[in-house]
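Scroll down for the structure; my scribbles are underneath it.
Along the sequence shown, residues carry numbers from 1. Here the structure is a predicted model, which means the values were calculated and not measured.
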Amino acid sequence: VQGLGAGAMREAMENHISRVVGRYADNPAVVSWDVVNEVFDDNGNMRPSFWYNTLGLSYIADAFRYARAADPDARLCINDYNVEGINAKSNAMYNLVQQLRAQNVPVDCVGFQGHLAIQYGYPTSIQQNLERFAALGVQVRITELDIRMPMPRDNSKDTTQANYYRDTINACLNVSACAGVTIWGFTDRHSWVPDTFPGEGAALIYDENYQP
């Protein structure tokens, strides 16, 4: 796909979305799709990708429109990380969603991944951030919550982590448009964190031995 010209690339994207989304359109268990994922750099600029480099910003709107055509009823989401609090990246996401909805692009929800780490401090503006997105008319969700720590664990770190989990879930509960929280796995035995962040771990609500 990366080597295709613009026309063929757009056709390939439409074909992929229509076949995958269309395959499950009649399945009542499939209620939403993460249509476009991780399109921003941390500074709020568009992340370079072969989609963006070849098709420009229009590929995002096209992806949502193709998904809506394939399933008129599913909720269609855009999702990213490090957008939980109010910052340059979440401002860029906010502006994009506002712009897309003004163009009648069917963006129904925004996902905030929630890959947090206790050593970087808690993004205290989570609830305020969820509220401003909700005011755009979209559903909001915490989609990939885990809260890692520098290893080894100790009681102080566990307490901090528990507070982060509590505060994040409460932020969702306090925003009527927040549809829920998905945790990115349930046991540290299978967490992605240690391989990606050496020396960090214990990010989930059950440890390697399935203990809370």
Side-chain angles (χ1 to χ4, degrees), residues 1-84 87-115 133 136-146 177 179-185 190-193 195-197:
V1 176
Q2 297 183 45
L4 297 175
M9 184 179 290
R10 199 178 305 275
E11 182 179 345
M13 181 173 70
E14 180 177 14
N15 179 63
H16 174 73
I17 291 173
S18 64
R19 288 169 67 91
V20 174
V21 175
R23 178 182 178 91
Y24 300 100
D26 295 329
N27 187 330
V30 179
V31 297
S32 63
W33 289 95
D34 177 7
V35 178
V36 176
N37 196 62
E38 299 181 0
V39 298
F40 292 106
D41 283 336
D42 282 337
N43 58 14
N45 293 327
M46 294 301 299
R47 178 192 295 276
S49 69
F50 64 85
W51 301 110
Y52 181 70
N53 294 342
T54 304
L55 301 176
L57 194 61
S58 67
Y59 85 90
I60 297 175
D62 287 343
F64 277 94
R65 289 179 172 129
Y66 298 152
R68 173 61 79 239
D71 188 340
D73 300 318
R75 197 178 295 271
L76 306 180
C77 307
I78 187 169
N79 188 59
D80 219 318
Y81 65 93
N82 288 352
V83 292
E84 296 76 26
N87 55 39
K89 190 172 186 178
S90 66
N91 287 340
M93 174 73 89
Y94 179 89
N95 292 335
L96 175 63
V97 171
Q98 186 178 50
Q99 172 188 334
L100 290 171
R101 286 181 60 82
Q103 298 168 355
N104 295 316
V105 177
V107 180
D108 301 317
C109 86
V110 178
F112 305 81
Q113 290 184 14
H115 295 297
F133 277 88
L136 295 176
V138 295
Q139 185 186 82
V140 293
R141 302 178 180 185
I142 309 297
T143 55
E144 304 183 18
L145 183 62
D146 54 20
V181 177
T182 301
I183 296 178
W184 204 236
H190 303 298
S191 172
W192 70 295
V193 168
D195 289 338
T196 306
F197 302 97

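- Scanning both residues, Asp80 and Lys89, for their nearest heavy atoms gives OD1-NZ, 3.2 Å.
- At least one side-chain heavy atom of Asn37 sits less than 4.5 Å from a side-chain heavy atom of Gln113.
- Shown here for Val105 and Ala61, the closest heavy-atom pair between the two residues is CG2-CB, 3.7 Å.
- In this structure, the side chain of Arg141 does not engage the main chain of Cys109 through any donor-acceptor pair within 3.5 Å.
- The salt bridge (Lys or Arg N to Asp or Glu O under 4.0 Å) test applied to Arg10 returns Asp62, not counting sequence neighbours.
- Arg65 places a side-chain heavy atom less than 4.5 Å from the side chain of Pro106.
- The minimum heavy-atom distance linking Ala92 with Gly44 is given by the pair CB-O, 3.3 Å.
- In this structure, CZ on Phe40 lies 10.5 Å from CG on Asn91, to the nearest 0.5 angstrom.
- Of the possible donor and acceptor atoms, one in the side chain of Asn87 sits under 3.5 Å from a partner among the backbone N and O of Asn82.
- For Asn43 (side chain) and Asn45 (main-chain N/O), a donor-acceptor pair under 3.5 Å exists by modelled atom type.
- Between the CE atom in Met9 and the OH atom in Tyr59 there is a gap of 11.0 Å [rounded to 0.5 Å].
- Atom CZ of Phe112 and atom CD1 of Ile142 lie 7.0 Å apart (nearest 0.5 Å).
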Only pairs under 3.5 Å count here: list side-chain donor-acceptor contacts from residues 12-26, not counting sequence neighbours, and write none if there are none.
unit_1 : atom_1 : unit_2 : atom_2 : d
Ser18  : OG     : Glu14  : O      : 2.9
Ser18  : OG     : Asn15  : O      : 3.1

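- His115 NE2 to Trp192 CH2: the interatomic distance, rounded to the nearest 0.5 Å, is 5.0 Å.
- For Arg47, the side-chain hydrogen bond (donor to acceptor under 3.5 Å, both in side chains) test picks out Tyr81, with sequence neighbours left out.
- The CD1 atom of Ile78 sits 6.5 Å away from the CG atom of Leu100 when rounded to the nearest 0.5 Å.
- Residues satisfying the salt bridge (Lys or Arg N to Asp or Glu O under 4.0 Å) criterion with Arg75, sequence neighbours excluded, are absent altogether.
- For Tyr52, there are no ring-ring contact (aromatic ring centres under 6.0 Å, His included) partners, not counting sequence neighbours.
- Interatomic distance, Thr182 OG1 to Glu144 CD, rounded to the nearest 0.5 Å: 9.0 Å.
- Using a cut-off of 4.0 Å between Lys/Arg side-chain N and Asp/Glu carboxylate O, Asp108 and Arg68 are scored as salt-bridged.
- Residue pairs meeting the ring-ring contact (aromatic ring centres under 6.0 Å, His included) criterion with at least one partner in residues 88-108, sequence neighbours excluded, are Tyr94-Phe133.
- Residues Gln99 and Ile60 have side chains not in contact (no heavy-atom distance under 4.5 Å, counting atoms from C-beta outward).
- Summarising the geometry of Val138 relative to Ala177, their closest heavy-atom pair is O-CB, 3.9 Å, with the distance given to 0.1 Å.
- Minimum interatomic distance between Ala88 and Asp42 (heavy atoms only, all atoms of both residues): CB-O, 4.5 Å.
- Side-chain contact between Val193 and Asp146 is present, with heavy atoms from C-beta onward closer than 4.5 Å.
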